[in-house]
There are 2 protein chains.
Amino acid sequence: MKIGIVGLGLIGGSIGLKLKSLKHTVYGITNNSFNTNKAKDRKLADIVSQDYSLLKDCSIVILALPIKDLLNPSQDLIDSLPRRAIITDVGSVKTPILKIWEKIHPLFIGSHPMAGTEEKGVSAGNIKLFDNAKWILTPTSTSDKKSIKVLYKLFESMGCYVSIESPLIHDQAVALISHLPIYISSCLIETANIQDNINILELSRKLASTGFSDTSRIGGGNAELGVDLAKNNTKNIIHSLKKFKANLSNLENILENGNWDLLLKKLKESKQSRDYFCK
Amino acid sequence: MKIGIVGLGLIGGSIGLKLKSLKHTVYGITNNSFNTNKAKDRKLADIVSQDYSLLKDCSIVILALPIKDLLNPSQDLIDSLPRRAIITDVGSVKTPILKIWEKIHPLFIGSHPMAGTEEKGVSAGNIKLFDNAKWILTPTSTSDKKSIKVLYKLFESMGCYVSIESPLIHDQAVALISHLPIYISSCLIETANIQDNINILELSRKLASTGFSDTSRIGGGNAELGVDLAKNNTKNIIHSLKKFKANLSNLENILENGNWDLLLKKLKESKQSRDYFCK
């Protein structure tokens, strides 16, 4: 198939490399000449250009753009998308993207590949990114059935576990397990970084070990992404945050009352619950 | 030197293996015959026994016991410790241990090796556990100066970065960077494990990826240890928890007010602050 990819960063570049290896012809769009050259060097697509007209013969176009660009697509991009092509995106929040894109294009199907590394940009793409990754399709009642099937098969052929989910449920689930942890983790860093006692701060910095490092990792991640998610999944994130705060207050009571049996029960439950999330 | 180790679990067993490799003679005490046999098989010490009289000729005895056993030492253990031997422990909270042990033994110096894995028990010890680890000594005004020096050199010879800190500061610092993350992480798991919407729960379990896995890791750790720490560093943990809650409420306000510039600033600060903790 002739497949277009708009944006050749970590996700777009990785898709390009993988689809090329599967013998598709890949047309990649970048946003400046530096990235075009770099993407050509790295052979992220068969043809790389900044010119959207490159997409005119594609039967599938994957919009591998940041959420904020997906929500404010340029007229040039919109005009360049073939009306008969299947269009999908890779954004990690689905409802606001669908709201815009289902109006723009008749064959738009939202999707979300659950894969990532700390890297970003045209140098980040790697062919193994999607090996055994989960890729969620979030069609709605108006989505074209055949297009869903085509994308399902395509992502499966890339080595992914594909599943079909409601966009509303998707956004609530990612608020809990993907977005909420970012803000909690950031607050933990803020709390540890106390400025009112330099002795504690210095020792804390010295003693911080794997426990702190793991728990704080995503709080020290891509700040722009953290804002994009908060902006576009606000209601669900606030809802999760309120539940988290209630659980935290409950824990505070347990500590203040020295209810150690209950604490033991809760920590054992955490261990058990976690096994269902992290198999 | 003749060095005794009471308890040959992850920490005690690793100390035994390392000290043996440094040509010390290591006497290891276990609490039952199964562990004695296993420790002998694994050669965790030169001589392994359940009999405390084994310690009588040791010039250093390391109490590698769980906090709860350190706080309730048996009279047999106390009676078996040579009065001229230097005694230290490996507990991760220092103030309550010092309160008891400085009365029991004139040459007791508290210490805390910052090392660990998910493993526990006599099968867990490994010779590399302390390579480049931090090992904190927490002497007080009444501690024997020579004993501090001897332990400092011993831990350094084991490949550790040794430092001397106040026990009070130590307990406040570990509350922040080592204990608080456990309870936050546990609350995150509890929050994600929502039972009121099975669709969200199932999808959350399916989508949970490295971000959730890292942030929840220590909340799904050793529950007994989590209770031991809470019991013995209660005041400092509650203090840290209150600061964390205040930061979280602040973040909630930012989200509710859609103050995205401030959120970006905070997330960027987190990234920067974290670099000082996780070098």
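Proteins get letters first, then strands, A, B, ... in listed order; numbering begins at 1 in each.
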Given side chain to side chain contact (heavy atoms under 4.5 Å, CB included), test Leu203(A) with Asn199(A) step by step and report yes or no.
CA-CA 6 Å; Leu203(A) 185 57; Asn199(A) 293 324; over 6 Å; no
Side chain to side chain donor-acceptor pair (under 3.5 Å) between Ser111(A) and Thr88(A), worked out
CA-CA 6 Å; Ser111(A) 84; Thr88(A) 189; 3.1 Å; yes
With respect to chain A, which residue among Ile136(B), Leu168(B), Leu241(B) yields the maximal number of heavy-atom pairs within a distance under 4.5 Å?
Leu241(B)
Is Thr234(A) close to chain B through its backbone or its side chain, or both, or neither, when contacts mean heavy atoms under 4.5 Å?
side chain
Which portion of Ile194(A) sits near chain B, non-hydrogen atoms under 4.5 angstrom
side chain
Chain B heavy atoms under 4.5 Å from His112(A): which part of the residue, side chain, backbone, both or neither?
neither
Checking heavy atoms, do the side chain of Glu256(A), its backbone, both or neither come under 4.5 Å from chain B?
both
Where on Ile254(A) is there a heavy atom nearer than 4.5 Å to chain B: the side chain, the backbone, both, or neither?
neither
Check each atom of Glu224(B) against the heavy atoms of chain A and say whether the ones under 4.5 Å are side chain, backbone, both or neither.
both
Which atoms of Lys268(A) approach chain B - backbone, side chain, both or neither, heavy atom under 4.5 Å:
both
Among Ala246(A), Ser249(A), Ser213(A), Ser240(A), who wins on heavy-atom pairs under 4.5 Å with chain B?
Ser213(A)
Under a 4.5 Å heavy-atom cutoff, which of Ala173(A), Ser178(A), Ala175(A) has the most pairs with chain B?
Ala173(A)
Using non-hydrogen atoms and a 4.5 Å limit, figure out which bit of Leu248(A) sits close to chain B: side chain, backbone, both or neither.
both
Chain B heavy atoms under 4.5 Å from Lys235(A): which part of the residue, side chain, backbone, both or neither?
neither
Short N-O contact, Glu190(A) and Lys243(B), less than 4.0 angstrom
no
Is there a side chain to side chain contact (heavy atoms under 4.5 Å, CB included) between Tyr152(B) and Ile109(B)? Walk through the geometry before answering.
CA-CA 11 Å; Tyr152(B) 196 108; Ile109(B) 313 283; over 6 Å; no
Beyond-backbone contact of Asp214(B) with Ile218(A), side-chain heavy atoms, under 4.5 angstrom:
no
With chain B as the partner chain, list the residues of residues 158-167 of chain A whose heavy atoms fall under 4.5 Å from it, by residue number, and write 'none' if nothing qualifies.
Ser163(A), Glu165(A)
I'd like to verify something: which residue of Gln272(B), Met114(B), His170(B), Lys265(B) has the highest number of heavy-atom pairs under 4.5 Å with chain A?
Met114(B)
Apply the test side chain to side chain contact (heavy atoms under 4.5 Å, CB included) to residues Thr95(B) and Asn233(B): give CA-CA distance (whole Å), side-chain angles for both, the deciding distance (0.1 Å), then the verdict.
CA-CA 8 Å; Thr95(B) 321; Asn233(B) 204 14; 6.0 Å; no
NZ/NE/NH1/NH2 to OD/OE distance under 4.0 Å, Glu202(B) and Lys206(B)
no
Choice from Ser216(B), Gly211(B), Ala115(B), Ser209(B) maximising heavy atom contacts with chain A below 4.5 Å
Ser216(B)
Main-chain N/O of Leu10(A) paired with Ser14(A) side-chain donor or acceptor, under 3.5 Å:
yes
Could you point out which residue of Asn236(A), Asp171(A), Val174(A) forms a side chain to side chain contact (heavy atoms under 4.5 Å, CB included) with His179(A)?
Val174(A)
Need one label for Cys187(A): side chain, backbone, both or neither, based on atoms under 4.5 Å from any heavy atom in chain B.
both
Test log, rule side chain to side chain contact (heavy atoms under 4.5 Å, CB included), inputs Lys231(B) and Leu71(B):
CA-CA 11 Å; Lys231(B) 243 183 197 172; Leu71(B) 296 178; over 6 Å; no
Can you tell me which of Asp261(B), Asn247(B), Asn193(B) forms the most heavy-atom pairs within a distance under 4.5 Å of chain A?
Asn247(B)
Please classify the contact between Lys134(B) and chain A as side chain, backbone, both or neither, with a heavy-atom cut-off of under 4.5 Å.
side chain
Chain A shares the most heavy-atom pairs under 4.5 Å, among Gly226(B), Ser185(B), Gly258(B), Pro181(B), with Pro181(B)
Is the number of heavy atoms from other residues, nucleotides or ligands under 6.0 Å of Glu156(B) CD greater than 12?
yes
Under 3.5 Å: donor-acceptor pair, side chain of Asp89(A), backbone of Gly91(A):
yes
Between Val227(B), Leu263(B), Asn250(B), which shows the greatest number of heavy-atom pairs under 4.5 Å with chain A?
Val227(B)
Quick check for you: to the nearest 0.5 Å, what is the distance between Ser186(B) atom OG and Glu269(A) atom CD?
9.0 Å
Output for pair (Leu180(B) CG, Thr215(A) OG1), nearest 0.5 Å, gives 9.5 Å
dist Leu154(A):CG -> Ile62(A):CD1 (nearest 0.5 Å) comes out at 6.0 Å
